[in-house]
Asker: 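Quick one: the structure is below, questions incoming.
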Amino acid sequence: MMHSSCTRMEIKRVSVVFVFLMVLTTVQCELLMPKYSTKTSYDLSFNKSNILKRELSWQQLAKEFSPELQTCNPIGLYVVYRHGSRYPSEKDIKKFNLFLERARNESINPEFEYLQNDTDLEIPVNLHHKLSESGKLEMNHIAKRMKKRFADLFQDQLLTNYAFQSSNLSRTIDSTISFIQGFVDDETNCSSALTEDELLVTCQKSSSSMRETVVVPLHNKTSDYLLRFFDAYEDCLKEQVDSDEGEELESTRTDQMREDAKFVEGKEVAGMQLRLSQKLSVPGAREKFNISRDEAIDVAKMCGYQLALFNHSGWCSLLSDEDLRIFEYKQDLKHYWKRGYGHRVNYLVGCNLVRDIASYFGQLTTGLADTPKGVFKFAHAETIVPLECLMGLYKDKRPLTATSYQDNHSRLFRTSWMTPFAANIAFVLFNCSSEADDTNALTKYKLQVFMNEIPVDLPFCRSGPCDLVEFSTHIREVTGECNFNNTCCFENCGGARCMPFQFNEWTIFCISVAAVAFVAWMLILMIELRYSGAKYTVIKNH
């Protein structure tokens, strides 16, 4: 009996371990499933467990992720969004159409003849880069979930208690409008009007004659140092020679951005090209369907776009998981070297945005009047990736290169979950003081970051949510003086697109001090000269 009991217990233990390993393996496999890089739709970027967590309140999330926040209260949030799912670029639309036309005019494997009748990607060129209907829904639903999650911050429903800003492109402007429509209740209808430097969104309840208009500032790309810094500093970034701890690299930033091009010429993409050619070729035919390496990459792009725009794709059936991993890695190389950790300057140009976040929290903690309860910025993948890098998120121990594909299947830098369509990074400030505590110490404030609506820990914080001192210290350390005559342009800038000199209280104070010092120095010099002259005259008379 004893032996039988022990055996049952051992079997039970083994079963528990087995189930645990199965669950762990399933989660790991799900996390490593290839996606479509920055062409991934928002919903597809989530695994099954995280997609359910989007519906939870901040209190429920705190219980699971950050128990120390359960006795705190959110007092403000700052969120940066990428626009929702959009149509392809004009260049991609033309390439897709050419490939579709060739596929229709050539003999292909009967198994895939249905692709010759696929009209989804016959996209009019005039729709290039425009926000799609699916993109509008993404932004609308994100707004509704955020408002529900932080209900305490959004009780009064007044749009004027919140600040909005967008880049001046149609896809971000339309994302802003869709977000605001989701932000207000279902009985409120919003209309919009556009000027050269402002978006005006007017909302009115169907049961009321009262209207509310929110003004959304817009800036052109050469002067948008907050949301389109990658364009505002474009000339500097093109010519920049990056350095690490003062040691210059042998090649320019532009040369190293070609890692993705080297990868396309490598064996992995060659294998992807061969597999697609074999699948599309008529079985037994002497001539194989001719597809280039670039066209193989385009097939994966077509797959991603179709899923994002229409939630289905025939072209995806041509691609194996390995093909998608290859495509995803190729795209990650591009973003790593162009906007990510490949060069410090890629993300340091985003210092104005990080400083704006810190400035907003400063206003909240000092009780400055008219500080909005929430700040919402609508921008691009090229805004989100540098911001994530400035926060130290998704940083691998070794750089991604064209020859390290096999070593990087478990990499952290994966744009499919870092910056899918509608990606967002929210900074939420909590007041954690008790009612009896009336101290103004910054340590009573805690900062929780949500990446695509899921809490994440910042690597520079000691544990869990940052206290505001930790966050502010990191911002000062990582951004330095935020002076691109030194950190970005060096001597190559020529003033083309450097940050313009801006007067503020600090610069005026510094100039005043310098002027007073200069006048004092001149007076001392004049007195010395007169004294020296008088001394010389006395000596001469003697």
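Position 1 is the first residue of the sequence; numbering continues from there. Just so it is clear, the model here is predicted, and its values are computed rather than measured.
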Asker: Could you tell me if Gln448 and Ser66 have a donor-acceptor pair between their side chains, going purely by distance under 3.5 Å?
Answerer: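 A donor-acceptor contact under 3.5 Å links the two side chains.
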Asker: Would Arg54 pass as a cation-pi partner of Phe46, given that its NZ or CZ must be under 6.0 Å from the six-membered ring centre and within 45 degrees of the axis?
Answerer: yes
Asker: I'd like to check the disulfide (SG to SG under 2.5 Å) partners of Cys466; sequence neighbours left out, ordered by chain and number.
Answerer: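 Cys466 satisfies disulfide (SG to SG under 2.5 Å) with Cys461 once adjacent residues are dropped.
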Asker: Could you tell me whether the side chain of Asn408 and the main chain of Gln406 form a donor-acceptor pair under 3.5 Å?
Answerer: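 A pair under 3.5 Å: no.
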Asker: Taking atom types as modelled and ignoring hydrogens, do the side chains of Ser167 and His380 form a donor-acceptor contact shorter than 3.5 angstrom?
Answerer: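 Yes - a donor-acceptor pair under 3.5 Å links their side chains.
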Asker: Find out whether Asp224 and Asp231 are in side-chain contact, i.e. whether some heavy atom of one side chain is under 4.5 Å from a heavy atom of the other.
Answerer: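 Side-chain contact under 4.5 Å: no.
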Asker: For atom CG of Asp152, is the number of surrounding heavy atoms from other residues, nucleotides or ligands below 6.0 Å larger than 12?
Answerer: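 Check passes, neighbour count above 12.
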Asker: Would you say Asp118 and Trp315 are linked by a side-chain donor-acceptor pair, where the criterion is simply a distance under 3.5 Å?
Answerer: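 Per modelled atom types, Trp315 and Asp118 side chains form a pair under 3.5 Å.
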Asker: Measuring from atom NE2 of His83 to atom CD of Glu138, what distance do you get when rounded to the nearest 0.5 angstrom?
Answerer: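 Here the rounded value is 10.5 Å.
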Asker: Kindly write out the residues that satisfy ring pair (Phe, Tyr, Trp, His ring centres under 6.0 Å) with Phe421, not counting sequence neighbours, or none if the list is empty.
Answerer: none
Asker: Please tabulate, one pair per line, all N/O donor-acceptor pairs under 3.5 Å involving side-chain atoms of residues 70-79, not counting sequence neighbours.
Answerer:
| from | atom 1 | to | atom 2 | distance (Å) |
| --- | --- | --- | --- | --- |
| Gln70 | NE2 | Pro67 | O | 3.3 |
| Tyr78 | OH | Asp356 | OD2 | 2.6 |

Asker: If you measure from the Lys or Arg side-chain nitrogens to the Asp or Glu carboxylate oxygens, is any gap between Asp396 and Arg411 under 4.0 Å?
Answerer: no
Asker: Quick one: do Glu382 and Arg228 make a salt bridge, cutoff under 4.0 Å?
Answerer: no
Asker: Go through the side-chain N and O atoms of Asp43 and Ser41 and say whether any donor and acceptor fall under 3.5 Å apart.
Answerer: no
Asker: Please determine if Arg462 and Glu470 form a salt bridge, counting it only when a charged side-chain N lies under 4.0 Å from a carboxylate O.
Answerer: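 Yes, charged N to carboxylate O under 4.0 Å.
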Asker: Compute whether any side-chain donor of one residue and acceptor of the other, for Gln306 and Ser313, lie under 3.5 angstrom apart.
Answerer: yes
Asker: Just do the salt bridge (charged side-chain N to carboxylate O under 4.0 Å, His left out) check on Lys53 and Glu453 with the steps written out, would you?
Answerer: CA-CA 8 Å; Lys53 287 173 182 157; Glu453 304 181 68; over 6 Å; no
Asker: So that I can tick it off, tell me whether Asp185 and Lys147 are bridged by a salt bridge, with the cut-off set at under 4.0 angstrom between side-chain N and carboxylate O.
Answerer: no
Asker: Aromatic contact between Tyr225 and Phe230, with the criterion being ring centroids under 6.0 Å apart: yes or no?
Answerer: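 For Tyr225 and Phe230, the ring centres are not under 6.0 Å apart.
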Asker: Sequence neighbours left out, what passes side chain to side chain donor-acceptor pair (under 3.5 Å) with Tyr162? Give chain and number order.
Answerer: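 By the side chain to side chain donor-acceptor pair (under 3.5 Å) rule, Tyr162 matches Asp156.
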Asker: Are the side chain of Thr419 and the backbone N or O of Thr415 linked by a donor-acceptor pair below 3.5 Å?
Answerer: no
Asker: State plainly whether the residues Lys35 and Glu328 are in salt-bridge range, i.e. N to O under 4.0 Å.
Answerer: no
Asker: Spell out, as yes or no, whether a donor-acceptor pair under 3.5 Å connects the side chain of Ser45 to the backbone of Trp417.
Answerer: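 Side chain of Ser45 to backbone of Trp417: no pair is present.
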Asker: Determine whether His312 and Asp120 make a side-chain contact, defined as any pair of heavy atoms from C-beta on separated by less than 4.5 Å.
Answerer: yes
Asker: Sequence neighbours left out, what passes salt bridge (charged side-chain N to carboxylate O under 4.0 Å, His left out) with Asp174? Give chain and number order.
Answerer: none
Asker: Measure across Leu333 and Ala402 and return the closest heavy-atom pair with its distance rounded to 0.1 Å.
Answerer: CD1-CA, 4.1 Å
Asker: Please tell me whether Arg86 and Tyr305 have a donor and an acceptor in their side chains that are separated by less than 3.5 angstrom.
Answerer: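 Yes, side-chain donor-acceptor contact under 3.5 Å.
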Asker: Give me the ring orientation class for Phe376 and Phe179: parallel if the planes are under 30° apart, tilted from 30 to 60°, perpendicular past 60°.
Answerer: tilted
Asker: For the pair Phe361 and Phe471, name the ring-plane relationship: parallel under 30°, tilted 30 to 60°, perpendicular over 60°.
Answerer: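 The arrangement is perpendicular - the two ring planes meet at more than 60°.
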Asker: Are the aromatic ring centres of Tyr87 and His128 under 6.0 angstrom apart?
Answerer: no
Asker: Checking Phe263 now: which residues fulfil ring pair (Phe, Tyr, Trp, His ring centres under 6.0 Å) with it, not counting sequence neighbours?
Answerer: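 For Phe263, the residues satisfying ring pair (Phe, Tyr, Trp, His ring centres under 6.0 Å) (neighbours in sequence not counted) are Tyr329, Tyr405.
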Asker: With no hydrogens and no angle check, is any side-chain donor or acceptor of Thr383 less than 3.5 Å from a backbone partner on Ala379?
Answerer: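 Side chain of Thr383 to backbone of Ala379: no pair is present.
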Asker: In terms of side-chain heavy atoms, does Tyr341 have a donor or acceptor partner in Glu388 at a distance below 3.5 Å?
Answerer: no
Asker: Is the distance between the ring centroids of Trp58 and Phe450 under 6.0 Å?
Answerer: no
Asker: Assess whether side chain to side chain contact (heavy atoms under 4.5 Å, CB included) is satisfied between Leu348 and Thr479, documenting all intermediate values.
Answerer: CA-CA 6 Å; Leu348 285 182; Thr479 63; 5.8 Å; no
Asker: Any sub-3.5 Å donor-acceptor pair from Glu212's side-chain atoms to Leu159's backbone N or O?
Answerer: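 At least one qualifying donor-acceptor pair exists.
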Asker: So, Gln59 and Ser57: side-chain donor and acceptor under 3.5 Å apart, yes or no?
Answerer: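 There is such a pair (donor and acceptor under 3.5 Å, judged by atom type) between the side chains of Gln59 and Ser57.
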Asker: What's the separation between atom CD1 in Ile291 and atom CG in Leu280, rounded to the nearest 0.5 Å?
Answerer: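 If I round to the nearest 0.5 Å, the distance is 6.0 Å.
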Asker: Is it true that atom CD of Glu187 has more than 12 heavy atoms of other residues, nucleotides or ligands lying nearer than 6.0 Å?
Answerer: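 Not more than 12 within 6.0 Å, no.
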Asker: Check the side chains of Ser404 and Thr401 for a donor-acceptor pair under 3.5 angstrom, ignoring hydrogens and angles.
Answerer: yes
Asker: Scan side-chain atoms only and decide if Tyr114 and Ser317 contain a donor-acceptor pair under the 3.5 Å cut-off.
Answerer: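 Tyr114 vs Ser317: donor-acceptor pair found between side chains.
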Asker: Determine yes or no for a side-chain-to-main-chain donor-acceptor pair under 3.5 angstrom, with Ser132 supplying the side chain and Gly135 the backbone.
Answerer: yes
Asker: Looking only at side-chain N and O atoms, does Asn346 offer a donor or acceptor that is under 3.5 Å from a partner on Tyr336?
Answerer: no
Asker: Taking Arg275 for the side chain and Ala270 for the main chain, is one N or O donor matched with an acceptor at less than 3.5 Å?
Answerer: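 Not at all, since once roles are kept as given, no pair shorter than 3.5 Å links the two residues.
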